[in-house]
Peer 1: 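Here it is, the structure, as structure tokens.
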Amino acid sequence: MLFGVDYYPEHWEKSEWKEHARLLREGNFNVVRIAEFAWGRLEPNEGRFDFSWLDEAVETLAAEGIRVILGTPTAAPPRWLVKKYDVYLRDKYGRVRGYGSRRECCANNRYYQERSRVIVEQLAKHYGKNPHVAAWQIDNEFGCHDSARCYCGHCKNRFAQWLTERYGTIDNLNQTYGTVFWSQEYESFYDVILPAYTSCEGTYGDLWAHNPSLDLDFYRFSSDSWARYQQMQIAIIRRYSDAPITHNMMGHFSDLDYYELGKSLDVVSWDNYIDNQWNHNTYENTAMAHELMRGVKNKNFWVMEQQAGPCGWDKFGGTPRPGQLRLWTYQAMAHGCEGMLYFRFKSAPFGMEQYWLGVIDHDGIPRRRYYELQQTGAELGRLSYLFADSQTLTDVLLVKSYEHVWSHKIKAHVQGFDYRELLYVYYRANQHLGTNPACGPETMIDGRYKVVYLPACVIVSEELEKRLAAYVAGGGTLVLTYRSGIKDGGNNMITETIPGRLRKLAGVTVQEFDSSPIEVTLTDGFGISRLWRDILETETAQAVVSYDSEYYKGSPAVTVNPYGRGRVWYVGCDLEEEALSVLVKRITDEAGAAYLPHPSGTEIVKRRSGEREYVMLLNHTPDAVEMGVSGISLLHGGQFDGTLGGYEVELLETS
Ligand code: GAL
């Protein structure tokens, strides 16, 4: 199993490398990710390459049994490059996103593409057959620092080509966009604007005021641009190397379609910072991020950067408590991680990230974080047979769609609506119950799941309609919510009665909705809806919960509809946490889906590796907890008595 750190030999004197390599080996690390920001040292002047220092670093590490994941260095162009070529992103106000940090380049900029091609080819040629290269990482965190979308001339031209491929004729585009509205009909694809600063922006708060079809296409195009740029690098590396290729994604980040980006990768990896300057992530949200990353390829993943200490850019987040680094590592393994690297090894005293502490501090002395990871590495070394090709045993799938993120973002329906938050509340209710849902794209929907949650499925293609119908007809339980089936692929409102393509499946129509910011009570102790109410008329469905106030008192709020051998739930309004928990439990029970009860603040995840089944217990609280399960510990050998210490983990044999 890959167990390692992110390492920057170029930050240290050569004389220190040997000592670092020794500490790494003694820390039970066997791999480092390397060179992803070293373009300036690898190509100090245009066309002059120097790999000698990296060769020496790779050899020094190899002498201690440590392999490398080689990063292509294109996220941070060297100074000479930006002085000679204008490769900068332009923001929607036309401002240059200039030099001084990183990720300042545009994916469609031909100078950037050309210089990227050259450095990647040189690297691939030089290291393609090097036995110490365990894998490649393309670039670093595409889209980070709000860099997914650019409004420069290169993008405008490329967008015109992209639109030509998508629409064929400009009439077709005009038709789809409805450009007749406000006299916006275009004469040619090169005439189509990028949705940048416009006369309406800011007039009414955060109003963006572009044509929503144009907006959605621009999101799609921008995402495709990075996928294409990545594909360009992959194609070059493939000519010289057979090692697996990855890219480090960012969990919940949604400016890029990770499903598309993942297609050309051999393995997905991601960067997991739980508690930092900007973010104090809950354990449920982190679990969901792991599952989302697993869902990108429906395949186990690596963590390329895992938090190793207190961190932030100008302020620190929280200090990980003793046990938490190990706990967070096991949490990743519980959700499908097969390779774990920590960011970073030695903390840098200089540069932007001098507050981002790594495994060892600025003084280079190993302390508790190093020793905790050393222990973790030793354990994982023994247990690695449990993780390779393992899977979480779950009957439940939660679907995320990037198109839906974008469509809901472009027009958010009502103040306070947030599609990603909606996904999270459904995930959390499931996690608390113990169904441990998988997360992923619509294409993962199939009969292996007893329940599929598809919240706010705003755009329904014909293909999705068929997939859902087949799934439910075959016996599956589908859960839909308000704001589903309302738009077409052009991001326009459908002209059929809502929920359009989902109508037969759901067995309801939406006659009206109430988006007033008021509190509406629900029957059966279902509390209050505050955000959105669909006022439903049942066709073949039955009401489960109804509204208990307002002019639509008595009309259904939650319904269930038999369809083929399965059933479709329609949740027409937002629910409070308790009501959602009750509903999720009922849906789970009625579908016969499995769940593992567990105390609050903990996880119990059932997994299979080959023929072997086991459960992983994770206590995210500082206090000892009675887990309500016992068994033989795969970690310690003896009988586990049911009490799990604060921030402790256990693995129990179940077959
Ligand atoms: C990640 C990035 C790393 C490092 C880290 C800490 O987003 O990939 O290079 O910057 O955050 O800020």
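Ligands are counted one by one from 1 in listed order, and the atoms in each one are counted from 1 as well. These numbers come from a predicted model, not from an experiment.
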Peer 1: Could you give the distance from OH (Tyr453) to CG (Leu423), rounded to the nearest 0.5 Å?
Peer 2: 13.0 Å
Peer 1: Has Arg428 got its NZ or CZ under 6.0 Å from the middle of the six-membered ring of Tyr424, at an angle within 45 degrees of the ring axis?
Peer 2: yes
Peer 1: Under the 6.0 Å and 45° cation-pi test, does Arg149 pair with Phe218?
Peer 2: no
Peer 1: I'd like to know if Asp50 and Arg41 make a salt bridge, using a cut-off of under 4.0 Å between side-chain N and carboxylate O.
Peer 2: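 The answer is no: the pair does not qualify as a salt bridge.
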Peer 1: Could you tell me if Asp389 and Asn300 have a donor-acceptor pair between their side chains, going purely by distance under 3.5 Å?
Peer 2: no
Peer 1: Above 12 or not: heavy atoms from other molecules or residues under 6.0 Å from NZ of Lys18?
Peer 2: no
Peer 1: Please tabulate, line by line, the atom pairs linking an N/O of ligand 1 to a protein N/O at a distance below 3.5 Å, with the distance in Å to 0.1, or answer 'none'.
Peer 2:
unit_1: ligand 1; atom_1: 7 (O); unit_2: Glu141; atom_2: OE1; d: 2.4
unit_1: ligand 1; atom_1: 7 (O); unit_2: Glu141; atom_2: OE2; d: 2.8
unit_1: ligand 1; atom_1: 8 (O); unit_2: Asn140; atom_2: ND2; d: 2.8
unit_1: ligand 1; atom_1: 8 (O); unit_2: Glu141; atom_2: OE1; d: 3.3
unit_1: ligand 1; atom_1: 8 (O); unit_2: Glu141; atom_2: OE2; d: 3.3
unit_1: ligand 1; atom_1: 8 (O); unit_2: Glu305; atom_2: OE1; d: 3.1
unit_1: ligand 1; atom_1: 8 (O); unit_2: Glu305; atom_2: OE2; d: 2.7
unit_1: ligand 1; atom_1: 9 (O); unit_2: Arg102; atom_2: NH1; d: 2.9
unit_1: ligand 1; atom_1: 10 (O); unit_2: Arg102; atom_2: NH1; d: 3.1
unit_1: ligand 1; atom_1: 10 (O); unit_2: Arg102; atom_2: NH2; d: 2.8
unit_1: ligand 1; atom_1: 10 (O); unit_2: Glu353; atom_2: OE1; d: 3.3
unit_1: ligand 1; atom_1: 10 (O); unit_2: Glu353; atom_2: OE2; d: 2.3
unit_1: ligand 1; atom_1: 12 (O); unit_2: Trp313; atom_2: NE1; d: 3.1
unit_1: ligand 1; atom_1: 12 (O); unit_2: Glu353; atom_2: OE2; d: 2.6

